[in-house]
J.: 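Here's a structure for you.
Convention: sequence-line order gives letters A, B, ...; per-chain numbering from 1.
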Amino acid sequence: MQEQNTSENEYDIVAIQDKWLPIWDDIKPFNSGLADDTRPTKYVLDMFPYPSGDLHMGHAEAYALGDVISRYWAQKGFNVLHPIGWDAFGLPAENAAIKRGLDPRGWTYENIEQQKSSMRRYACSFDWDRVLQTCDPIYYRWNQWLFLEFYKRGLAYRKNSNVNWCPSCQTVLANEQVVQGLCERCDSVVTKKALTQWYFKVTEYADRLLDDLDTLEGNWPSKVLTMQRNWIGRSHGAEVDFEIEGRTEPVTVFTTRPDTLFGATFMVVAPDSDLAAELASGSTPEVRMAFQAYLDDVKKSNDIDRLATDREKTGVFLDRFAINPVNGERLPIWAADYVLSDYGTGAIMAVPAHDDRDMAFAVKFELDVRTVVDTGEDDPSVTKVATTSEGVLVNSGEFNGLPKADAIKAITEYLEISGKAKLAKNFRLRDWLISRQRYWGTPIPIIHCDDCGEVPVPADQLPVELPSAAGLDLKPKGSSPLGAAEDWVNVACPKCGAAAKRDSDTMDTFVDSSWYFLRFLSPNSEEVPFPKEEAARWAPVDQYVGGVTHAILHLLYARFFTKALHDMGMINFEEPFTRLLNQGMVLMNGSAMSKSRGNLVALSDQLDEHGVDAIRLTMAFAGPPEDDIDWADVSPSGSAKFLARAWRTANDVRSEVGVDFAKGDATLRKATHSFLRDFGPLIENFKFNVGVAKVMELVNALRKTIDGAAGPTDPAVREAAEVVAKALSLFSPYTAEDMWSKLGHQAPVALAGLPEADLSLVVESSIVAVVQVDGKVRDKFEVATNISADALRELAMGSDAVKRSIGDREIAAVIVREPKLVNIATK
RNA sequence: GCCCCUUUAGCCCAAUGGCAGAGGCAGACGACUUAAAAUCGUCACAGUGUGGGUUCGAGUCCCACAAGGGGCACCA
């Protein structure tokens with residue numbers, strides 16, 4: 001048989017892609033910045049990519065899912081801001097540059113161009129007029145501006161502290177770069193080093209960062225909320241002052257269990273604290289030597305040892321004594337590394353009977369155990385197993401008999417009168433170390449002058465641009481490569497004019513990503529980081545989409561920035577991301593894709609083989625978006641097959657644009673409108689996989705109608721095909737656009753608008769009712785949907801099958817749920 | 001060690017406390033074809049990881065356990 005015009009009748013995704021991409025470039029359907037746009041606004045944001053190489057399967061999933069949401073709101077008539085940019089500063093660019101002897105700029109911008117072109121092909125609904133790159137001076141000058149605003153307010157400060165140090169890379173590492181105590185890049189054992197570094201005072205916002213998580217409940221994954229709560233880690237308790245023999249000032253300890261004060265049998269101080277050094281120095285020569293030896297040991301230890309479970313407790317007795325404020329007892333003071341110098345006050349009261357760690361220590365060094373809370377369990381002073389649960393006080397003088405909560409209150413209040421205690425809280429959260437001794441980042445806009453100290457770079461001298469990397473040795477050597485850029489680093493002090501030096505550190509790249517969502521509102525402004533009125537119009541982000549790997553750091557830092565900017569009067573909201581979706585990962589045969597595992601699937605190969613639309617559809621259809629996708633379990637060729645099937649239906653329609661749908665086949669119209677009823681809520685609740693299944697269902701119904709009695713001229717066929725094209729545009733925009741065109745419409749289908757369901761077409765006049773006996777189905781019959789309970793009960797009781805099933809048993813109850821169900825319970 | 005999530009057909013996954021199956025993959029069969037591919041169509045006795053409980057009724061709620069995944073882990 002002779003084939004007809006092939007291009008007309010065969011689904012050719014490559015031709016379709018080539019046809020529509022330039023047309024979209026021309027008509028810019030997703031331009032969000034038109035002045036006369038009166039549509040309501042939505043801000044949908046995907047976490048921006050790091051430009052390391054081309055896009056991979058993980059990007060493909062994340063951006064496909066974000067695009068479903070963005071395109072959905074566009075179809076619902078919203079002016080959607082859906083921008084994209086690049087998180088372009090950072091170590092990988094610098095390392096690649098070192099390896100190849102190139103400027104990180106070249107590597108970075110090449111990768112950005114590569115990703116940009118892949119993104120366009122991938123047909124995300126981005127507003128391409130709002131692109132930003134954090135390594136552009138026009139972007140990072142505002143990092144510097146914000147840093148200086150923070151500095152003015154005391155939110156940016158410099159301090160000396162013990163930081164993570166990789167002896168091989170010769171650089172400070174962020175906490176997230178330390179994996180199981182090893183440097184993530186070279187696997188060297190990470191040590192601690194005392195360095196003066198810049199910090200952002202995140203802890204000042206600890207309470208608000210914690211409390212405001214409640215406002216996100218239901219809109220963020222509960223897993224992320226839990227992780228943030230744990231990370232901030234607020235504990236309530238009391239600070240209690242202990243007099244120290246031979247010392248004027250008392251030592252304050254933080255405890256969450258002031259109710260156990262009578263059970264304190266010793267005190268422990270962090271060995272690396274000033275207090276420990278001072279107490280030791282006031283002790284005997286033997287103690288001083290023992291302490292110094294212990295301190296050296298502790299400093300040599302690393303996180304691998306520290307984090308080992310079941311680790312033996314170590315410590316050294318300082319031969320000094322504290323006085324228990326509740327009973328005047330002398331408590332020996334020990335230095336031990338299970339007490340941290342940077343949490344609480346670096347000193348604790350030890351209550352071995354009711355704390356596992358104190359008990360382990362007491363057992364090891366044969367210290368007293370005194371039970372002061374009766375929990376009903378065996379006596380810890382006998383068993384040497386601490387009891388930490390609720391109970392009533394014993395051995396606690398006038399407080400005996402009080403339950404835990406009351407005792408905490410009573411003892412704290414009792415000590416408060418004499419000024420020896422007060423209620424207190426502590427956080428696990430630490431301030432954010434933002435200095436990096438690296439080249440490829442935002443220079444810190446501070447000048448160090450011998451006379452004036454830290455001098456902020458005046459605002460009119462921003463940006464402090466990164467000098468060219470030419471001639472600089474970027475290899476890590478413990479201090480920033482920028483220090484060697486003589487022309488750049490040596491400047492006159494802005495205050496006194498004397499010779500001074502620029503701060504040569506750069507900022508952590510998490511600073512860049514902490515406020516980029518606001519920069520999209522005016523990515524090229526040289527006047528302001530973002531205009532207040534634009535922020536009021538668009539922000540906060542209505543829907544944020546990204547990986548759960550950023551559950552703590554990025555999201556916490558962005559929340560901190562948002563609160564700080566709020567307090568600076570720049571924005572009128574306090575949470576940056578109203579709703580959050582964490583998509584899963586793309587795996588291959590059960591594990592993360594990697595070159596070394598040999599299970600890498602190249603996105604570009606997949607796109608070449610199956611087409612963009614099929615890959616995007618597969619991502620959405622694979623399962624719930626937060627679940628991982630195992631690429632071995634899904635079928636991109638099946639997706640392509642479905643798309644061809646859907647596309648063919650549009651090709652088969654034989655009626656004119658504007659035909660009266662009301663005259664169409666009732667069965668198909670019902671399918672179309674129940675689809676319309678179900679689809680929106682599914683997408684809004686992130687059930688994209690179910691949404692795709694519903695489109696498939698509608699396509700099946702449509703196919704059946706075209707091939708059936710109603711045929712391709714039936715108006716309902718056109719109605720259904722148009723709905724399919726519009727719905728499919730969220731997942732597979734090329735195919736949808738081509739269908740829309742075949743149906744006689746102008747591009748873009750993306751803005752054609754999903755109609756509301758006509759529910760009158762969906763209502764059933766009759767329904768199949770089920771009769772159960774003791775929960776088992778025994779009969780069913782068709783009844784009117786408006787049947788009364790009595791009538792339904794009557795029908796059910798009259799059924800022969802039901803009677804047979806009941807037999808001669810006595811009926812206990814008849815539950816009627818009209819019009820669907822009757823359940824007869826027997827005795 | 002503590003906390004959280006998941007467990008439904010060979011596989012991926014649906015199912016407001018009310019007939020366990022929406023959709024897909026793989027498979028079987030049929031139509032079309034000389035044949036195959038493509039296309040169109042037909043085909044599902046799994047009793048929902050295990051054991052208890054609540055209920056007229058449980059995949060769904062509660063408890064315990066198991067397996068898999070994730071988070072936290074000397075934070076006083």
Side-chain angles (χ1 to χ4, degrees), chain A residues 1 10-11 221-227 229-231 233-235 237-238 253-258 260 264 268 270 306-311 313 336-340 342-351 354-358 360-361 388 426-430 548 551-552 584 590 617-618 621-624 626-639 641-642 644-645 648 678 682 687 689-700 703-704 706-707 768-780 811-817 820-827:
Chain A
M1 190 206 271
E10 268 179 30
Y11 176 73
S222 51
K223 184 178 161 186
V224 174
L225 295 176
T226 304
M227 284 164 77
R229 288 188 179 114
N230 289 342
W231 187 265
R234 179 169 59 199
S235 10
V253 307
F254 174 73
T255 177
T256 55
R257 296 290 305 275
T260 62
V268 187
R306 263 188 53 80
L307 295 175
T309 47
D310 302 336
R311 180 170 165 251
K313 289 277 182 289
D337 69 353
Y338 80 94
V339 173
L340 309 175
D342 60 350
Y343 182 81
T345 61
I348 63 155
M349 64 174 209
V351 185
H354 306 294
D355 181 282
D356 293 323
R357 298 150 300 178
D358 296 343
F361 194 83
T388 55
N426 255 301
F427 296 91
R428 160 188 252 109
L429 181 72
R430 308 292 202 271
V548 73
I552 297 175
L617 186 73
T618 302
F621 185 52
E626 55 276 8
D627 288 3
D628 290 343
I629 298 173
D630 194 327
W631 202 245
D633 287 339
V634 296
S635 171
S637 60
S639 298
K641 208 168 100 179
F642 163 71
R645 182 173 158 86
R648 249 180 268 119
D678 297 341
L682 288 170
K687 299 183 149 195
N689 54 328
V690 186
V692 172
K694 295 283 179 198
V695 181
M696 291 173 167
E697 219 177 332
L698 182 56
V699 168
N700 289 344
R703 179 78 262 157
K704 199 173 230 167
I706 292 172
D707 295 341
V768 174
V770 173
V771 186
Q772 302 174 334
V773 176
D774 291 329
K776 290 194 178 64
V777 178
R778 294 303 182 193
D779 200 4
K780 33 177 97 172
I811 293 171
V814 179
I815 289 93
V816 182
R817 291 283 179 273
K820 276 166 68 179
L821 181 131
V822 177
N823 189 13
I824 300 162
T826 63
K827 284 195 175 159

J.: If you take all heavy atoms of A:Val339 and A:Gly346, which pair is closest and at what distance?
T.: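 Minimum heavy-atom contact is CG1-O, 3.6 Å.
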
J.: Drop me the distance from A:Asp355's CG to A:Met349's CE, to the nearest 0.5 angstrom.
T.: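 Interatomic distance, A:Asp355 CG to A:Met349 CE, rounded to 0.5 Å: 9.5 Å.
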
J.: Does A:Arg428 make a side-chain N or O approach to OP1 or OP2 of B:rA76 shorter than 4.0 Å?
T.: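 It does not, given that no N or O in the side chain of A:Arg428 lies less than 4.0 Å from OP1 or OP2 of B:rA76.
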
J.: Considering every strand and a 4.0 Å limit on heavy-atom distances, what is the contact class for A:Ala813: base, sugar-phosphate, or nothing?
T.: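 Result for A:Ala813 = nothing.
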
J.: B:rG23 C1' sits how many Å from A:Arg703 CZ, rounded?
T.: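 Nearest whole value for this atom pair: 18 Å.
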
J.: In whole angstrom, give me the gap between the C1' atoms of B:rC29 and B:rC65.
T.: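 Roughly 44 Å separates the two C1' atoms.
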
J.: Which is more 5' along RNA chain B, the nucleotide nearest A:Lys223 or the one nearest A:Thr345? Just name the residue.
T.: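 Checking each residue's closest nucleotide, the 5'-ward one belongs to A:Lys223.
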
J.: Is the shortest side-chain N/O distance from A:Ser235 to OP1 or OP2 of B:rA76 below 4.0 Å?
T.: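 Yes, because at least one side-chain N or O of A:Ser235 sits under 4.0 Å from OP1 or OP2 of B:rA76.
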
J.: Over how many whole Å does the gap from A:Gln772 atom CD to B:rG17 atom P extend?
T.: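 Going from CD in A:Gln772 over to P in B:rG17 covers 16 Å.
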
J.: Within the side chain of A:Arg430, is there an N or O that forms a donor-acceptor pair under 3.5 Å with the backbone of A:Arg428?
T.: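 Indeed, once roles are kept as given, a pair shorter than 3.5 Å links the two residues.
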
J.: Can a side chain N or O of A:Lys641 be found less than 4.0 Å away from OP1 or OP2 on B:rG23?
T.: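 Checking A:Lys641 against B:rG23: no side-chain N or O falls below 4.0 Å of OP1 or OP2.
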
J.: If B:rG41 has a Watson-Crick or G-U wobble mate with both distances under 3.5 Å, name it; if not, just say none.
T.: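 B:rG41 is paired with B:rC29.
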
J.: What is the distance, rounded to the nearest whole Å, between atom CG of A:Asn823 and atom P of B:rG17?
T.: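 In whole Å, B:rG17 P lies 18 Å from A:Asn823 CG.
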
J.: Could you tell me whether A:Ala825 contacts a base, only the sugar-phosphate backbone, or nothing, with contacts defined as non-hydrogen atoms closer than 4.0 Å?
T.: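 If one applies the 4.0 Å heavy-atom cut-off, A:Ala825 turns out to touch the sugar-phosphate alone, with no base involved.
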
J.: Whom does B:rU34 pair with, Watson-Crick or G-U wobble, provided both distances fall under 3.5 Å?
T.: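 Because no pair has both required distances under 3.5 Å, B:rU34 counts as unpaired.
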
J.: Look up atom CG in A:Asn689 and atom NZ in A:Lys694, then write down how far apart they are to the nearest 0.5 Å.
T.: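 Interatomic distance, A:Asn689 CG to A:Lys694 NZ, rounded to 0.5 Å: 11.5 Å.
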
J.: May I have the distance from A:Ile815 (atom CD1) to B:rG18 (atom P), rounded to whole angstrom?
T.: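 So the CD1-P distance, A:Ile815 to B:rG18, works out to 14 Å.
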
J.: Using the P atom in both, what is the distance from B:rU48 to B:rU42, to the nearest Å?
T.: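 To the nearest whole Å, 29 Å.
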
J.: Would you measure the distance from the C1' atom in B:rG51 across to the matching atom in B:rA67 and give it in whole Å?
T.: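 Here B:rG51 and B:rA67 have their C1' atoms 15 Å from each other.
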
J.: Counting Watson-Crick and G-U wobble pairs only, both distances under 3.5 Å, name the nucleotide matched with B:rA14, or none.
T.: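 WC or wobble partner does not exist here.
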
J.: How would you label the contact of A:Phe621 with the nucleic acid (heavy atoms, under 4.0 Å): base, sugar-phosphate, or nothing?
T.: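 Base: the residue A:Phe621, judged by heavy atoms under 4.0 Å, touches a nucleobase.
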
J.: Select base, sugar-phosphate, or nothing to describe what A:Val770 touches, counting heavy atoms under 4.0 Å on all strands.
T.: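 Since a base atom lies under 4.0 Å of A:Val770, the category is base.
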
J.: Considering every strand and a 4.0 Å limit on heavy-atom distances, what is the contact class for A:Lys687: base, sugar-phosphate, or nothing?
T.: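 If one applies the 4.0 Å heavy-atom cut-off, A:Lys687 turns out to touch the sugar-phosphate alone, with no base involved.
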
J.: Who does B:rU54 pair with, Watson-Crick or G-U, both distances under 3.5 Å?
T.: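 When the pairing criteria are applied, nothing turns out to pair with B:rU54, so the answer is none.
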
J.: Would you say B:rA14 has OP1 or OP2 under 4.0 Å from some side-chain N or O of A:Asn689?
T.: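 Indeed, a polar side-chain atom of A:Asn689 lies that close.
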
J.: Counting only side-chain N and O atoms of A:Arg817, is one of them less than 4.0 Å from OP1 or OP2 of B:rC19?
T.: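 No.
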
J.: Any side-chain heavy atom of A:Gln772 sitting closer than 4.5 Å to one from A:Leu821?
T.: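 When only atoms from C-beta onward are counted, A:Leu821 and A:Gln772 do touch, with a gap below 4.5 Å.
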
J.: If I take atom CG in residue A:Asn426 and atom C1' in nucleotide B:rA76, what distance separates them, rounded to the nearest angstrom?
T.: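 The answer, rounded to whole Å, is 9 Å.
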
J.: Mind listing the closest non-hydrogen atom pair of A:Ala350 and A:Tyr338 along with its distance?
T.: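 Scanning both residues completely, I find the closest heavy atoms to be CB-OH, 4.4 Å.
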
J.: Using the C1' atoms only, state how far B:rA73 lies from B:rC2, rounded to an integer number of Å.
T.: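 Between the two C1' atoms, the distance is 8 Å.
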
J.: Would one find a side-chain N or O of A:Arg645 under 4.0 angstrom from OP1 or OP2 of B:rC40?
T.: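 Yes, within the criterion.
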
J.: If you look at every strand shown and take non-hydrogen atoms under 4.0 Å, does A:Thr255 touch a base, only sugar-phosphate, or nothing?
T.: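 Sugar-phosphate, no base atom in range.
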
J.: Counting only Watson-Crick or G-U wobble pairs whose two distances fall under 3.5 Å, which nucleotide matches B:rA76?
T.: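 None - no nucleotide pairs with B:rA76, as no candidate has both distances under 3.5 Å.
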
J.: Please classify the nucleic acid contact of A:Arg430 as base, sugar-phosphate, or nothing, using heavy-atom distances under 4.0 Å.
T.: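 Touches a base.
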
J.: If you measure from the P atom in B:rG70 to the same atom in B:rC13, how many Å do you get, rounded?
T.: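 Roughly 16 Å separates the two P atoms.
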
J.: Figure out the CG/C1' separation between A:Leu225 and B:rC5, and round it to whole Å.
T.: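 Interatomic distance, CG of A:Leu225 to C1' of B:rC5: 14 Å.
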
J.: Taking the P atom of each, how far is B:rG24 from B:rA14, in whole Å?
T.: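 One P to the other, the span is 15 Å.
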
J.: Indicate whether OP1 or OP2 belonging to B:rG24 is found under 4.0 Å from a side-chain N or O atom of A:Asn700.
T.: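 Yes, A:Asn700 has a side-chain N/O under 4.0 Å of OP1/OP2 on B:rG24.
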
J.: Check the distance between B:rA15's P and A:Asp678's CG and give it to me in whole angstrom.
T.: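 Answer to the nearest Å: 12 Å.
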
J.: What nucleic acid atoms does A:Glu697 come within less than 4.0 Å of, heavy atoms only: base, sugar-phosphate, or nothing?
T.: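 Sugar-phosphate contact only - A:Glu697 comes under 4.0 Å of backbone atoms but never of a base.
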
J.: Which pair of non-hydrogen atoms, one from A:Ala825 and one from A:Asp774, has the smallest distance, and what is that distance?
T.: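 Nearest heavy atoms, A:Ala825 then A:Asp774: CA-OD1, 3.3 Å.
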
J.: Does any nucleotide pair with B:rU7 by Watson-Crick or G-U wobble geometry, both distances under 3.5 Å, and what is it?
T.: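 By the stated definition (distances under 3.5 Å), B:rA66 pairs with B:rU7.
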
J.: Please report the shortest heavy-atom distance between A:Phe361 and A:Ala336, naming the atom on each side.
T.: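 That would be CE1-CB, 3.5 Å.
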
J.: Among B:rC19, B:rC13, B:rG18, which is the nearest nucleotide to the side chain of A:Pro624?
T.: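 Per side-chain heavy atoms of A:Pro624, the pick is B:rC13.
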
J.: Kindly give the heavy-atom pair with the smallest separation between A:Gly775 and A:Asn823, and that separation in Å.
T.: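 That closest heavy-atom pairing would be N-OD1, 3.1 Å.
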
J.: With hydrogens left out and only the distance checked, is there a donor-acceptor pair under 3.5 Å joining A:Asp633's side chain and the base of B:rC12?
T.: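 Checked by distance alone, the answer is no.
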
J.: Could you state the CG-P distance from A:Leu698 to B:rA22, rounded to the nearest angstrom?
T.: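 In whole Å, B:rA22 P and A:Leu698 CG are 17 Å from each other.
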
J.: If the C1' atom of B:rA22 is compared with that of B:rC12, how far apart are they to the nearest Å?
T.: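 That atom pair is separated by 14 Å.
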
J.: Would you measure the distance from the C1' atom in B:rC19 across to the matching atom in B:rG59 and give it in whole Å?
T.: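 About 14 Å, rounded to a whole number of Å.
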
J.: With nearest nucleotide decided by heavy atoms, which residue, A:Gly638 or A:Asp627, maps closer to the 5′ end of RNA chain B?
T.: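 So the residue in question is A:Asp627.
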
J.: Any strand is fair game: report the nucleotide pairing with B:rA20 by Watson-Crick or G-U wobble, both distances under 3.5 Å, or none.
T.: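 Partner of B:rA20: none.
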
